[in-house]
Amino acid sequence: ESSKPPHLVRVVFPYPAQGHLLPLLDLTHQLCLRGVNVSVIVTPGNLTYLSPLLSAHPSSVTSIVFPFPPHPSLPPGVENVKDIGNSGNLPIMASLRQLRDPIINWFRSHPNPPIALISDFFLGWTHDLCDQISIPRFAFFSISFFLVSVLQYCFENIDRIKSTDPVHLLDLPRAPIFKEEHLPSIVRRCLQTPSPDLETMKDFSMNLLSYGSVFNSSQVLEDEYLEYVKQRTGGHDRVFVIGPLCSFGSGLNSDPGFIDPDLLSWLDGSPDGSVVYVCFGSQKALTKDQCDALALALEKSMTRFVWVVKKDPIPDGFEDRVSGRGLVVRGWVSQLAVLRHVAVGGFLSHCGWNSVLEGITSGAVILGWPMEADQFVNARLLVEHLGVAVRVCEGGETVPDSVELGRVIAETMGVRGCDVAARAEEIRRKTKVAVTEANGSSVEDLQRLV
Ligand code: BUP
């Protein structure tokens with residue numbers, strides 16, 4: 001630990017997956033801007049992700065690096081879900097649980113220990129850790145209220161939903177119905193026989209019992225599910241709705257300077273709203289058939305696009321055929337900065353919650369293609385409840401019809417002022433008010449949290 005002011009420090013403990021880590025670091029940034037001193041718990045391999053935060057707040061952020069005791073099923077050197085995909089969640093969670101005693105010992109031997117902990121909802125066990133050292137724990141949720149409601153409902157009714165498919169979530173607002181394969185993966189792991197993952201379920205249920213719960217969402221987006229969740233916490237005044245964090249001015253990740261110069265000049269040369277940005281998150285790659293179908297659809301749509309690929313098998317010759325009109329970018333792109341560019345009008349997305357918020361707050365029309373985890377739930381919220389997205393693929397391993405997909409992309413990008421685009425703009429404006437005006441609901445909740 002470096003020598004930073006040790007008094008009145010809060011500790012932040014992120015979960016090492018980009019969709020969890022980035023928004024919690026964004027929250028830390030907002031806390032520091034409001035005068036809070038913060039120490040961040042990381043493992044050695046994740047220290048690098050703290051660089052933007054450490055350079056933005058050299059005098060109020062400290063990193064506490066704990067050794068990472070790996071789980072036997074974790075490949076050597078892997079400390080982030082990004083490097084292994086969703087299958088790494090369980091061993092990474094198990095490894096992090098082993099930090100419990102070292103953290104307690106560190107805390108007890110500290111001359112002036114921290115006064116509170118904010119930790120990711122995947123680290124539900126830190127609720128008990130905080131009980132041991134008598135400080136309040138705040139659970140940070142980088143997911144929607146809709147998803148928390150679905151998880152809470154499923155875990156409270158696990159026996160009732162066990163043998164039914166589709167699953168009727170009867171007591172939830174709007175009583176949604178989901179095919180079992182579209183339920184969040186942590187629910188599906190709890191339903192599996194013969195070895196249900198009950199530890200994760202227990203861990204999750206600790207979150208709403210914690211002293212406080214902090215949500216990267218907005219009342220504007222999901223008021224009725226916010227109410228449902230509030231009823232299941234220790235008290236309404238302990239729920240803090242502080243999002244979308246990506247929409248606060250002076251964010252950590254939105255600066256156009258983060259965009260690669262070649263990509264930036266290509267975007268600068270594109271007409272306003274003409275580009276569809278295609279990205280499926282940091283964990284999942286498309287299958288060969290899905291890749292072929294999407295490539296053909298983009299080719300036939302005659303639409304300008306940027307397609308961010310990880311390990312996706314792009315068809316031979318594709319890049320030459322779309323040269324000038326479409327870009328394939330390999331590796332990490334500053335997604336938020338790209339979405340904020342005026343040339344981008346559409347977002348073909350896997351519907352990870354951060355991507356959803358980044359799309360909504362950029363006013364892009366979202367073309368929803370959920371793959372796994374919580375993405376089916378998010379896609380439902382976007383398409384059916386909010387009306388800001390068009391569903392373009394059933395999801396999972398399904399291969400879309402390339403002719404139909406190409407037609408939907410062309411039509412959605414071509415029709416200005418269509419219902420979905422108008423609704424996306426309306427929701428963008430409303431969410432912006434929550435984070436920009438002095439009495440905006442998210443600004444007020446952030447201040448209350450401080
Ligand atoms: Br890929 C990618 N650049 O190239 P989600 C992602 N991101 O900035 P995920 C980039 O990572 P789950 C890239 O802007 C978002 O903030 C993106 O979070 C950023 O999806 C974050 O959208 C990704 O929640 O998680 O990581 O796939 O699978 O849990 O949805």
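Numbers here are sequence positions counted from 1. Order of appearance sets the numbers: ligands from 1, and atoms from 1 within every ligand. Remember, it's a predicted structure, so these values are computed and weren't measured experimentally.
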Listed pairs under 3.5 Å, donor-acceptor, residues 71-78 side chains, sequence neighbours left out:
from, atom 1, to, atom 2, distance (Å)
His71, ND1, Ser73, N, 3.2
His71, ND1, Ser73, OG, 2.9

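- The N/O atoms of Ser334, backbone and side chain alike, include none that comes under 3.5 Å of an N/O atom in ligand 1.
- Aromatic ring orientation, Phe141 versus Phe215: parallel (interplanar angle below 30°, classes split at 30° and 60°).
- Assignment of Lys310 to the shell around ligand 1 is supported, since a heavy atom sits closer than 4.0 Å.
- Under a 4.0 Å N-O distance rule, the pair Arg423/Asp419 does not qualify as a salt bridge.
- Contact annotation: for His20 versus ligand 1, there are no heavy atoms closer than 4.0 Å.
- Contacts with ligand 1 closer than 4.0 Å are made by side-chain heavy atoms of Leu22 only, the backbone lying farther away.
- With a 4.0 Å cut-off on non-hydrogen atoms, His350 touches ligand 1 through its side chain and not its backbone.
- Looking at Gln375 against ligand 1, only its side chain comes within 4.0 Å, counting heavy atoms.
- Checking only distances, Asn86 never comes within under 3.5 Å of ligand 1, N or O to N or O.
- Applying side chain to side chain contact (heavy atoms under 4.5 Å, CB included) to Glu222 and the options Leu381, Val229, Leu386, Leu147 leaves one that passes, Leu381.
- Listed by chain and residue number, nothing satisfies the side chain to side chain donor-acceptor pair (under 3.5 Å) test with Gln219 (two or more places apart in sequence, or in another chain).
- For the ring pair (Phe, Tyr, Trp, His ring centres under 6.0 Å) with Phe280, the lone residue among Phe347, Trp307, Trp369 that qualifies is Trp369.
- Under 4.0 Å from ligand 1, the heavy atoms of Glu358 that appear belong solely to its side chain.
- Neither the backbone nor the side chain of Ser349 has any atom closer than 4.0 Å to an atom of ligand 1 (non-hydrogen atoms only).
- Closest non-hydrogen pair, Leu286 versus Asp312, comes out as N-OD2, 2.8 Å.
- Contact annotation for Trp332 and ligand 1: heavy atoms of both the backbone and the side chain come within less than 4.0 Å of the ligand.
- Between Cys279 and ligand 1 there is a heavy-atom distance shorter than 4.0 Å.
- Residues Arg137 and Asp128 are not paired through a salt bridge, judged by the lack of any N-O separation under 4.0 Å between the basic side chain and the carboxylate.
- Looking at Ser355 next to ligand 1, an N or O pair under 3.5 Å apart turns up.
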